[in-house]
Amino acid sequence: MTDTAWEMLSNRAVATAGILYFLALLAHLVEWSTMRKVPVEVAAGATSGTTSGTTAAGGVLVDLGPTAPTAAEERDADRIALFGRLGLILTGLGVAAHFVALVGRGMAADPNRVPWGNMYEFTLSGVFLVAALYLAFYKKFALAWLSLSVTTFVVAMLMVDVIWLYGPVAPLTEALNSPWLVIHVISACIATGAFTLGGMTSVLFLLKERQLAKGKQPRGWMARVPAPARLDLVAYRMHAFAFPVWTFAVLITGPIWAHQAWSSYWNWDPKEVWAFITWVVYAAYLHARSTAGWKGRNAAILALVGTATLWFNFIGINYFSTTSQHSYAAPAPVVQVAPGSGSVGV
Amino acid sequence: MTATVEPSAPETRHPDRRPGELTFRELLRFAWRQLTSMRTALILLLLLALAAVPGSVIPQEGVDSLKTGNWKDAHPTLTPIYEKLDLFDVYGSVWFAAVYILLMVSLVGCIVPRLFVYWRAARAVPPAAPRNLSRMPDHETYRTDESPEEVLARARAVLARKGYRLRPAAEGDDAVSAERGYLREAGNLVFHLSVLIVLAGFAIGGMFGFKGGVIVIQGDTFSNNLTQYDDFVPGSLFRASQLNPFSFRVDDFNIEWLTSGPRQGMARGFEAPLSYRTSPDAPEQTYDLRVNHPLSIGGTDVFLIGHGYAPVITIRDGEGNVVYSRATPFLPADASFLSFGVVKAPDALPEGIGLEGLLYPTYASVDGNPFNVMGDDKNPVLSMRVYTGDLNMDNGSPQSVYVLDKSKATMLEKKDGKPYRLDLALGQTVALPNGLGTVSFDDITPWVRIQMSQTPGKMVALTGVVLALVGLVGSLFLRPRRVWVRARRMDDGDPGGSGDSGGSGHAGPPGTLVEVAALDRSGGGDVAPVLASIVSAVRGGSAPTAEETS
Ligand code: HEM
């Protein structure tokens with residue numbers, strides 16, 4: 001295949017993935033909107049996702065009391081199960097197409113390379129890992145209740161990526177041409193994906209907790225979202241997975257590579273500063289989870305602050321600050337000898 | 001359900017304690033103290049994050065001095081205020097240091113007592129089983145026909161196999177106590193101590209290191225002493241004797257320009273073959289210096305970080321003498337390598353001559369406007385303004401070679417009053433008006449920008465982060481927990497001993513009542529599956545005669 005063919009394949013695969021994710025989103029919308037009509041225990045038998053061994057939604061089960069399901073309710077329960085499955089399968093297909101898109105980007109470049117040459121590709125990879133890690137964790141944490149958030153996020157971010165961040169396939173700038181790029185970016189993207197899922201879980205935690213605190217009986221899909229304690233635990237597990245990976249990415253591989261390329265392992269470059277801020281905020285989150293008066297609500301808020309700094313650093317800082325050596329679009333390091341010199345380098 | 005964290009359920013809010021530790025007063029006091037200082041640590045961490053923000057918004061002296069200078073020029077009112085607040089050097093400022101030093105003090109104050117506690121706890125035996133296991137959040141109960149001794153013996157074997165530490169059996173025990181995950185706290189301590197190591201490594205680099213840059217024209221030699229650097233940033237305790245006595249010559253500079261594709265005009269494959277000596281009388285060696293492939297000479301790392309052009313310019317003055325003839329580095333002003341430079345010939349007669357202007361590596365004219373096509377030197381053209389008179393070079397203060405002092409010089413003008421422009425293609429010689437002399441553009445050579453640095457302590461810092469990561473993984477993924485198994489023979493009158501296990505107790509044949517409870521001590525564990533697997537292992541082949549679970 002020619003490079004152009006690969007590039008076209010990649011573009012089509014992105015479009016396909018976007019459509020598949022969107023269909024998955026629709027399927028989950030049908031699933032969750034049907035749930036509004038069905039009492040929890042009928043649906044609970046159908047959507048396996050919400051019935052993990054430890055699902056604390058069980059508390060809700062008891063509250064509603066036993067009512068014999070009507071025929072209509074059973075039909076709805078079937079529908080819920082069907083669309084839940086459909087959404088999951090569509091997401092899986094979307095992830096497969098998304099992967100093809102990434103491979104295509106790398107193959108389209110001459111010489112072939114990892115698909116991490118510009119912001120479009122970084123974002124494509126970051127979003128890919130959000131979706132892929134969702135599938136990877138799906139069984140372990142019974143993540144059916146995260147499906148709407150994940151598909152919505154992925155569709156939205158892919159649109160942002162294609163519309164605003166798109167850049168044609170190009171060879172890597174020289175400084176990016178390092179084995180450390182591979183290992184640094186993979187780990188940063190994995191951590192980003194897991195942090196993002198953790199952040200979504202923390203949002204659900206806050207919503208659910210507020211409903212319960214107001215004494216409202218959660219209805220519809222909120223009733224299927226596990227109890228706050230379980231959400232807190234799942235969020236913690238995701239953050240606890242992501243945090244060491246992030247540490248590896250930004251405090252080990254990043255500095256090693258920076259030292260090779262720019263002669264100094266830590267330059268207080270804006271991207272580095274925000275990676276550090278993100279790290280500190282998540283360390284604070286981990287602390288907060290075992291600090292009296294901070295666990296629960298405040299810890300969840302800190303997790304969201306972390307998500308915000310993470311994504312601000314991922315995309316925002318590139319548009320916000322021009323000094324960053326991580327502004328991939330322009331040639332990187334700088335010749336600074338005297339007035340009149342500009343930022344051109346290797 | 002998990003044992004420890006129930007943020008939303010008011011009945012489990014005991015902020016300063018966890019189930020299972022209620023009986024240990026000292027532990028409680030310790031926990032209280034720890035938690036109060038944890039809050040301090042938390043606030044300080046958030047402060048640190050906040051304090052780091054301004055440095056990413058305001059240009060930093062140490063990161064981009066050029067941009068900082070421009071910013072200062074553009075904000076004359078804010079600049080003095082910012083300067084007072086050290087906002088152009090956030091990461092070296094007193095207030096930033098205050099935050100992280102406070103954090104480190106808090107860290108030490110927190111870690112040291114915990115080291116002692118851990119030292120004792122790590123060798124302690126698991127505590128005896130609480131009297132009432134069915135009060136634990138995670139427990140299971142079943143009945144069996146085996147004798148309590150058989151059950152407890154199997155429980156000991158099962159738990160030992162799963163890596164639990166067992167409380168030594170004592171006369172009359174009706175229960176087994178087991179605990180595992182001691183290394184979690186060790187991991188946590190290693191992590192926090194490693195933070196100190198990283199900081200130490202970082203500080204060593206800041207104090208004893210240096211960073212310096214120089215532009216070297218192809219064919220020229222650099223020898224490593226202070227006078228040869230264009231810019232040099234030493235650490236606070238740096239001594240000039242730290243400079244290794246090496247020297248190198250830039251033999252060549254190779255570059256590959258992309259002539260097609262979306263990054264057309266971008267260059268890659270930079271390579272600067274060097275001949276170097278580690279000391280003046282060492283044998284000459286060679287090295288192909290490339291981006292991402294620094295050369296290391298005795299503790300000093302040598303990096304290729306930039307490149308540009310140095311046109312070779314010759315000026316003859318009005319009397320025909322050569323007053324200037326050398327390769328003159330021009331500094332790239334944009335990504336197309338349109339470059340800016342100055343030439344100073346103060347001793348020219350009858351008047352000093354200064355040139356200031358642009359180099360177009362690949363010149364083209366679009367609608368009469370000069371335009372630079374790309375960075376490759378396919379059609380180099382110089383376009384400069386000419387200044388005559390006193391270039392102010394004798395006033396004692398050092399002048400940058402990239403800046404022309406025009407305060408006492410006059411710009412050459414054409415008859416219509418417009419600035420006179422000296423346009424020179426490669427190989428051309430042009431005579432200046434008024435008999436000032438001639439300027440020729442003889443040749444063009446590349447230069448490379450080399451950065452040299454010593455970063456002592458970098459291995460200390462690296463070791464620190466790697467240790468921190470190892471400790472962190474232990475701290476986050478090891479799940480400390482306690483498990484208790486109690487087995488008691490049931491008499492007719494004693495349904496289950498514990499009083500509240502209700503309905504299941506009555507009737508049924510006499511046998512052995514087994515209670516198993518598990519407690520997660522990390523706040524992140526999910527003990528239900530753990531409990532289930534222990535119960536099924538302890539039950540082993542025994543008949544499933546009971547059904548009750550938590
Ligand atoms: C540079 C400053 C610090 C950083 C980056 C940091 C980071 C962390 C991280 C990432 C964790 C999570 C690991 C785990 O859950 O075991 C943690 C836990 C912990 N930190 Fe720190 N910490 C810092 C300072 C402190 C200080 C000053 C204290 C003393 C109060 C402290 C006490 C603790 C304790 C007790 C835990 C265990 C919490 C638990 O049981 O989950 N830390 N720290």
Side-chain angles (χ1 to χ4, degrees), chain A residues 53-54 56 168 170-171 174-175 177-178 209 212 228-229 232-233 236-237 240 244 247-248 251-252 260-265 267-270 273-274 276-277 280-281 283-284 287-297 321 323 330-331 333-342 344-346, chain B residues 1-2 5-8 15-16 35 38-39 41-42 45-46 48-49 52 55-56 59-60 63-67 91 211 215 230 261-263 268 270 291-292 294 301 303-307 331-335 337 340 400 402-403 449 451 453 455 458 465-466 469 472-473 476 523-524 526 528:
Chain A
T54 50
E174 194 75 0
N177 199 351
S178 158
E209 201 210 19
L212 291 178
D232 176 66
L233 182 74
Y236 169 72
R237 297 279 282 269
T247 307
F248 178 70
L251 299 183
I252 297 185
Q260 284 198 352
W262 302 320
S263 89
S264 152
Y265 62 82
N267 300 288
W268 295 109
D269 165 291
V273 172
W274 280 89
F276 173 72
I277 292 174
V280 171
V281 169
H287 271 206
R289 252 194 109 259
S290 41
T291 303
W294 283 81
K295 58 180 66 167
R297 204 179 133 69
S321 156
T323 30
V334 184
V335 174
Q336 298 159 10
V337 188
S341 80
V344 171
V346 285
Chain B
M1 276 315 304
T2 68
V5 185
E6 277 275 31
S8 64
D16 52 350
L35 290 178
M38 274 288 273
R39 182 166 308 151
L42 183 53
L45 278 173
L46 292 176
L48 182 66
S56 72
Q60 296 293 292
V63 177
D64 190 342
S65 54
L66 174 67
K67 199 171 172 217
Y91 308 107
K211 195 165 154 177
I215 284 179
D230 293 340
R263 288 267 167 96
R268 66 174 178 203
F270 316 92
V291 178
N292 277 324
D301 295 315
F303 301 82
L304 172 63
I305 64 160
H307 63 101
L331 301 176
D334 67 17
F337 277 79
F340 172 89
S400 165
Y402 302 102
V403 183
R449 178 155 161 87
Q451 178 117 327
S453 67
T455 326
K458 69 182 173 207
V465 235
V466 171
L469 186 62
L472 191 61
V473 167
L476 290 171
D526 197 356

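In what follows, every chain begins at residue 1, and chains take the letters A, B, ... in the order their sequences are listed. Computed over heavy atoms, backbone and side chain alike; hydrogens, waters and symmetry mates excluded.
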J.: With heavy-atom distances below 4.5 Å as the criterion, would you say the side chains of B:Ile305 and B:Phe270 are in contact?
T.: no
J.: Is B:Gln60 in contact with chain A via its backbone, its side chain, both, or neither, using a 4.5 Å heavy-atom distance?
T.: neither
J.: Answer with side chain, backbone, both or neither: which region of B:Lys211 has an atom nearer than 4.5 Å to a non-hydrogen atom of chain A?
T.: side chain
J.: Would you call A:Arg297 and A:Asp232 a salt bridge, taking side-chain N to carboxylate O under 4.0 Å as the test?
T.: no
J.: Is there a side-chain contact between A:Ile277 and A:Val281 in this structure, where contact means two heavy atoms from C-beta onward sitting under 4.5 Å apart?
T.: yes
J.: Can you say whether A:Trp268 sits under 4.5 Å from chain B via the side chain, the backbone, both, or neither, judging by heavy atoms?
T.: both
J.: What part of B:Asp301 is in contact with chain A, defined as an atom under 4.5 angstrom from a non-hydrogen atom: side chain, backbone, both or neither?
T.: side chain
J.: Please check: side-chain N/O of B:Tyr91 versus main-chain N/O of B:Ala52, any donor-acceptor pairing under 3.5 Å?
T.: yes
